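Take a look at the structure set out below.
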Protein chains: 2
Amino acid sequence: MQKRQFNRAPAMRDVAQAAGVSAQTVSRVLSDHPNVQEVTKRRVLAAVEELGYRRNNTARALVTGLSRTIGVVTLATNNYSRSSLALGVELAAREAGYAVNSVTSNLSTQGLTEAVSRLVQQGVDGLIIAAPLQEAARRVREITARIPTVTTDGSSGMSDELVGVDQESAVVLATNHLLGLGHRTVWHVSGPPEWSDAASRLDSWRRALEKAGREVPPELHGDWSPESGYRSGLILGRMPDVTAILVASDEMAFGVIRALTELGRRIPEDVSVVGIDDIDLAAYATPPLTTVRQSFEDTGRRAVFHLLEQIENPEAEHTHQVVEPTLVIRKSTAPPPSV
Amino acid sequence: MQKRQFNRAPAMRDVAQAAGVSAQTVSRVLSDHPNVQEVTKRRVLAAVEELGYRRNNTARALVTGLSRTIGVVTLATNNYSRSSLALGVELAAREAGYAVNSVTSNLSTQGLTEAVSRLVQQGVDGLIIAAPLQEAARRVREITARIPTVTTDGSSGMSDELVGVDQESAVVLATNHLLGLGHRTVWHVSGPPEWSDAASRLDSWRRALEKAGREVPPELHGDWSPESGYRSGLILGRMPDVTAILVASDEMAFGVIRALTELGRRIPEDVSVVGIDDIDLAAYATPPLTTVRQSFEDTGRRAVFHLLEQIENPEAEHTHQVVEPTLVIRKSTAPPPSV
DNA sequence: TACTAATCTGTTATCGATAACAAGACTAAC
DNA sequence: GTTAGTCTTGTTATCGATAACAGATTAGTA
């Protein structure tokens, strides 16, 4: 009489029995331990093959305390930066033999703490938080106290774990490009201020203008969406002395361009527009968008590497590298109209 | 002498001890079992609070055989459909109290089987495969034999688990819109043939033209990328009798529009262009893109619901619903130029 | 030869929870 | 007052692996 083995997945002891060895030996073979005879190893592997055995990661995780899984928190909006960062994390994690557990959240303190909580409870070995924490920072820190954590947005005050792109130089590149073309000054459509990337772009833009001795016009606020860019564009397009606009994301830049076009202002003849990100569609805007490339996919990858360092070598000092962005000049920028 | 309790996360027995009850009682309280005295419950919850206890999901999964995690396989390319589907899955899973484990793959049989394998080994309760399986179907089926699985691309031959959008009517909507404007026929830039969505769009386009008694021109093949749309556009733009183009995705449509614009063909005065998907940027194309809306986020959500039904009620019959797409008319379509 | 060291394999305890069973206290019904 | 039934709690076995220890065999060396 069998013991309801009917449809159960084979366990290690089934393999052991089939190979005529102990479970421990099977474990050793599968973990590539050195001291196993070649013959035994072959017998075990044959049994594994025959039974279609797969090691149960849950059981492994329980006894080793390591799940080889990392958790990722992103915001629940489908924009380019989110998805390409997630993709980068995914790819890098896979290469390193880690699985990825992802959770989305809104911007609220409650949402973020819940998201992090969930992942911790799932037993992840480390965490990547790709969202501005702000007031949630303190509670999140408590929850993640025992777990290596990397944040990709600096607003959290967890700055020692930050991984990002050099926003300052991104903006300086763009601003100087426009000033270099002869524009008197550069207007700015910024991202939502709770994102540290947006905040530091705003900041750097101001400083770049000041440094060049130009007038600093008031900024307009967007929320990363093309709609918000469109609304800003409707305002800027009505102001005749606006000849150059730096938009904090390509997606908003599409909205700005649309609004300007509807108002009859030609790009780049009347107004120059520069975006940031270099999304796939930027080259296919009308006109093709001049922008500052920063690879979110790469940021995701680096976040993973940084995290794995912390996981596998917790004692060491970890410096956070910053990546240099590059300016991609297309057709949306030109010298200002001669007066 | 303590037993290296130094920095260990508290376990259930720690809570039990603190509350002066057995571990089983703690378990019962946390699982909302009915037969626990109010007083006891309060004492347990107080201890949980005090120690900052979180239930270990790994241990639960091991003993219950359920991880409350679902696995998602997507392709490793960052396009709109992938990311919004993933987002939909994410959100729906969270609402249902499930975690999401995501893996990306390439299109190869090996890549796909490995991806699925990984997830199975991670111990997911169910699988969503958002990639065309094709020849991988057989091996994947073997691997997922014991696990509920939903595919969102029909090319797999696992059709009984399919969840999707009615591609036929999407294309008919678009084609008839163009014919209704007076175009003699409609050209088509298709997606990669290994995607069943692309294949059925191609098919439906042909049949729609035949049914209307129109000439069926040869189709051009793209790969979902804006670049491929651009290349197709460079060809179509040189053919003076092309006045209406149905593009199998909005992202490719951006490329087509760019190419046509560069060749001096005005949209929609000279050529009408219709996309499919209604991505966020479609409304901000130049001109705003007429397209057929189909919500990938929604497809993701429905895939989850469908999967959870299978998980929680394996015996029942599960019919796969199909969603009706809607035509969104913007500015990229108009009657053909009068000759 | 004898004694140490290195290889190989097996046994037992353990990770942190839940399932299944058991037992005591109390209530209800005859 | 006994018996059965409900409510509440505890005890033990178990999920599937690995760690730690231990025993047996072989090899190496004084």
Side-chain angles (χ1 to χ4, degrees), chain A residues 3-5 7-45 47-48 51-69 120-125 146, chain B residues 3-5 7-45 47-48 51-69 120-125 146:
Chain A
K3 240 178 112 191
R4 70 163 172 79
Q5 287 196 341
N7 210 1
R8 206 190 80 230
M12 202 171 253
R13 68 158 162 281
D14 300 321
V15 177
Q17 196 170 12
V21 297
S22 74
Q24 184 60 214
T25 298
V26 176
S27 171
R28 278 193 271 254
V29 170
L30 295 177
S31 304
D32 264 334
H33 270 251
N35 297 339
V36 182
Q37 271 202 333
E38 199 50 45
V39 207
T40 321
K41 193 182 274 188
R42 270 203 297 276
R43 242 181 330 144
V44 168
L45 291 177
V48 165
L51 298 181
Y53 170 73
R54 318 189 118 69
R55 226 163 16 170
N56 181 322
N57 272 338
T58 306
R60 294 191 73 191
L62 182 59
V63 69
T64 61
L66 293 175
S67 58
R68 292 190 78 78
T69 296
V120 171
Q121 191 155 357
Q122 279 289 318
V124 298
D125 294 343
R146 289 196 187 79
Chain B
K3 241 179 112 190
R4 70 164 173 82
Q5 286 195 341
N7 209 3
R8 205 190 83 228
M12 201 171 255
R13 68 158 161 281
D14 300 320
V15 176
Q17 198 170 11
V21 297
S22 74
Q24 183 61 215
T25 298
V26 176
S27 172
R28 277 192 272 252
V29 170
L30 295 177
S31 304
D32 263 335
H33 271 252
N35 297 337
V36 181
Q37 271 200 332
E38 199 50 43
V39 207
T40 320
K41 191 181 276 184
R42 270 202 298 275
R43 248 188 318 154
V44 169
L45 291 177
V48 165
L51 298 181
Y53 171 74
R54 319 189 115 70
R55 237 178 347 186
N56 182 322
N57 271 338
T58 306
R60 295 190 73 191
L62 182 59
V63 68
T64 60
L66 293 175
S67 59
R68 292 191 77 79
T69 295
V120 171
Q121 193 156 353
Q122 278 291 318
V124 299
D125 294 343
R146 287 195 188 79

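Source: prediction; values computed, not measured. First the proteins, then the strands, lettered A, B, ... as listed; each starts at 1. Side chains included, hydrogens not; waters and symmetry mates left out as well; all remaining heavy atoms used.
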Here the residues of residues 19-38 of chain B within 4.0 Å heavy-atom distance, strictly under, of DNA chain C are B:Gln24, B:Ser27, B:Ser31
Results of side chain to side chain donor-acceptor pair (under 3.5 Å) for A:Asp125 - residues two or more places apart only | A:Ser67
Tell me, please, which residues at least two apart from A:Ser22 pass side chain to side chain contact (heavy atoms under 4.5 Å, CB included).
-> A:Gln24, A:Thr25
Would you kindly compare A:Arg13 and A:Arg55 by the position of their nearest DNA chain D nucleotide and give the one closer to the 5′ end?
-> A:Arg13
Return the angle between end axes of the helix from C:dT1-D:dA30 to C:dC30-D:dG1, with five pairs used per end and rounding to 10°.
-> 50°
Interatomic distance, B:Met12 CE vs C:dT18 C1' [rounded to whole Å] | 8 Å
Between C:dC15 atom C1' and B:Asp14 atom CG, what is the distance in whole Å?
-> 13 Å
Have a look at B:Thr40 and say if it touches a base, only the backbone sugar-phosphate, or nothing, with a 4.0 Å heavy-atom cut-off.
-> sugar-phosphate
Close approaches to DNA chain C from residues 62-69 of chain A, in residue order (heavy atom, under 4.0 Å) | A:Leu62, A:Val63
Go through the structure and list residues passing side chain to side chain donor-acceptor pair (under 3.5 Å) with A:Arg54, not counting sequence neighbours.
-> B:Ser117
Whole-Å distance between C:dC8 P and A:Arg43 CZ?
-> 14 Å
N or O in side chain of A:Arg54 less than 4.0 angstrom from D:dG16 OP1/OP2 = no
Check nucleotides 26-29 of chain D for protein N or O atoms closer than 3.5 Å to its own N or O atoms and list the pairs.
none

Show every donor-acceptor pair shorter than 3.5 Å between a side-chain atom in residues 28-39 of chain B and any protein atom, with sequence neighbours excluded, or say none if there are none.
{"residue": "B:Ser31", "atom": "OG", "partner": "B:Ser27", "partner atom": "O", "Å": "3.0"}
{"residue": "B:Ser31", "atom": "OG", "partner": "B:Arg55", "partner atom": "NH1", "Å": "3.1"}

At under 4.0 Å, does any side-chain N or O of B:Arg60 touch on OP1 or OP2 of C:dT18?
-> yes
